[in-house]
Amino acid sequence: MEVLLTADQIHARVRELAADIRRQYAGQPFTVVGILTGSLVFLADLIRQIELPLRIGLIEASSYRGTATSAGTLVVQDSLLPDVAGRHLLLMDDILDTGRTISTLVEHMKHRGAASVRTCVLLRKIGRQQVEFEPDYTGFSIPDKFVVGYGLDFDDDYRHLPFIGVLPDGHA
Ligand code: IMP
Ligand code: MG
């Protein structure tokens, strides 16, 4: 598998993002909200570098069913989300592709009474966005290829890979 981003490159960038985020949220009631399942690895690494008191929330949104690589209907499941009223949220996802998932969830969090909602994505695919949306923190911009690893899956496989790789043709 072609490696697009090595584990070392990812960790260096995660440290930079954590430093920026720490400056933004110092002194505020702060909750990091990870979008399941893809943000899991990124969230676990990032929160350990932030060095601020914080809470963790999880929300599930899935638009890719099985092996389909084009989006279906977005299903949101927030029973794992603690009370976010009055809290400053950082919503995290693995990748910004069309922008549908994260923009929908920002609105969802505002309706839950969050004091503010910012967004952080590890990857942003160039030339794919369909919804106008600017994340507050972006790890890397990447070409329009289907990538896996560091939380990102193809049909729920490959999430555990410590690097981000491009799936060979014929598998996506
Ligand atoms: P969006 O709603 O189109 O922005 O899609 C975001 C979601 O699509 C992410 O949370 C991923 O789960 C999934 N996704 C988009 N591109 C890729 C990819 O290249 N590899 C793995 N998952 C992807
Ligand atoms: Mg996914």
Side-chain angles (χ1 to χ4, degrees), residues 1-7 9-11 13-14 17-18 21 31-47 56-81 84 89-112 114 117-172:
M1 190 184 298
E2 178 200 337
V3 177
L4 188 65
L5 296 165
T6 65
Q9 286 175 303
I10 298 167
H11 290 146
R13 186 68 186 122
V14 168
L17 291 169
I21 291 164
T31 302
V32 176
V33 178
I35 303 173
L36 291 173
T37 304
S39 74
L40 199 68
V41 180
F42 182 32
L43 179 138
D45 280 349
L46 188 82
I47 55 172
I56 298 169
L58 297 169
I59 189 163
E60 189 181 6
S62 34
S63 56
Y64 286 9
R65 305 276 83 188
T67 59
T69 53
S70 62
T73 315
L74 194 73
V75 181
V76 178
Q77 215 274 81
D78 72 356
S79 62
L80 294 172
L81 191 70
V84 296
L89 305 190
L90 183 67
L91 188 60
M92 294 184 61
D93 206 359
D94 51 358
I95 188 165
L96 179 72
D97 186 28
T98 65
R100 289 171 66 247
T101 305
I102 202 150
S103 58
T104 303
L105 290 180
V106 167
E107 293 313 308
H108 192 94
M109 293 301 153
K110 287 180 179 165
H111 286 127
R112 288 300 196 109
V117 184
R118 290 188 183 82
T119 54
C120 177
V121 294
L122 179 68
L123 306 176
R124 182 176 192 172
K125 252 190 222 182
I126 298 163
R128 287 273 304 168
Q129 225 169 303
Q130 293 173 7
V131 178
E132 206 176 311
F133 183 84
E134 276 303 312
D136 296 280
Y137 304 95
T138 300
F140 302 91
S141 291
I142 63 162
D144 182 9
K145 294 181 174 176
F146 198 83
V147 291
V148 295
Y150 200 75
L152 291 122
D153 73 301
F154 171 65
D155 195 19
D156 266 323
D157 287 322
Y158 306 107
R159 293 193 198 274
H160 66 291
L161 298 176
F163 58 86
I164 289 175
V166 179
L167 209 59
D169 280 350
H171 291 87

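First listed ligand is number 1; within each ligand, the first listed atom is number 1. Here the structure is a predicted model, which is why all the values come from computation and not from measurement.
Taking Asp157 as the reference, nothing meets the salt bridge (charged side-chain N to carboxylate O under 4.0 Å, His left out) condition, with sequence neighbours excluded. Scanning for salt bridge (charged side-chain N to carboxylate O under 4.0 Å, His left out) contacts around Arg118 gives an empty result, with sequence neighbours left out.
The shell of residues lying under 4.0 angstrom from ligand 1, judged by heavy atoms, includes Lys145. Within the 4.0 Å heavy-atom shell around ligand 1 one does not find Val148.
Which parts of ligand 1 touch Thr98 is read off a 4.0 Å heavy-atom cut-off, strictly below it: atoms 1 (P), 2 (O), 3 (O), 4 (O). Close contacts of ligand 1 with Thr101, meaning ligand atoms under 4.0 Å from a residue heavy atom, involve 1 (P), 2 (O), 5 (O), 6 (C). Near Asp153, with a cut-off below 4.0 Å to any heavy atom, the atoms of ligand 1 are 21 (C), 22 (N). Of all the atoms in ligand 1, the ones that sit under 4.0 Å from a non-hydrogen atom of Leu152 are 20 (N), 21 (C), 22 (N). Here is the list of ligand 1 atoms found below 4.0 Å of a heavy atom in Lys125: 16 (N), 17 (C), 18 (C), 19 (O).
Distances between N or O atoms of Val147 and those of ligand 1 include at least one value under 3.5 Å. Any N or O atom pair closer than 3.5 Å counts here, and Gly99 shares at least one such pair with ligand 1.
Using a 4.5 Å heavy-atom cutoff, the side chains of Leu36 and Leu80 are in contact. By the 4.5 Å heavy-atom criterion applied to side chains, Asp78 and His108 are counted as neighbours.
Contacts between Leu74 and ligand 1 below 4.0 angstrom, taking non-hydrogen atoms only, are absent altogether.
Salt bridge status for Arg124 with Glu134: present, with a side-chain N to carboxylate O gap under 4.0 Å.
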Please walk me through it: do Tyr150 and Asp45 pass side chain to side chain donor-acceptor pair (under 3.5 Å)?
-> CA-CA 10 Å; Tyr150 200 75; Asp45 280 349; 2.6 Å; yes
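Taking each heavy atom of Ser39 and Asp93 in turn, the nearest pair found is CB-CA, 4.0 Å.
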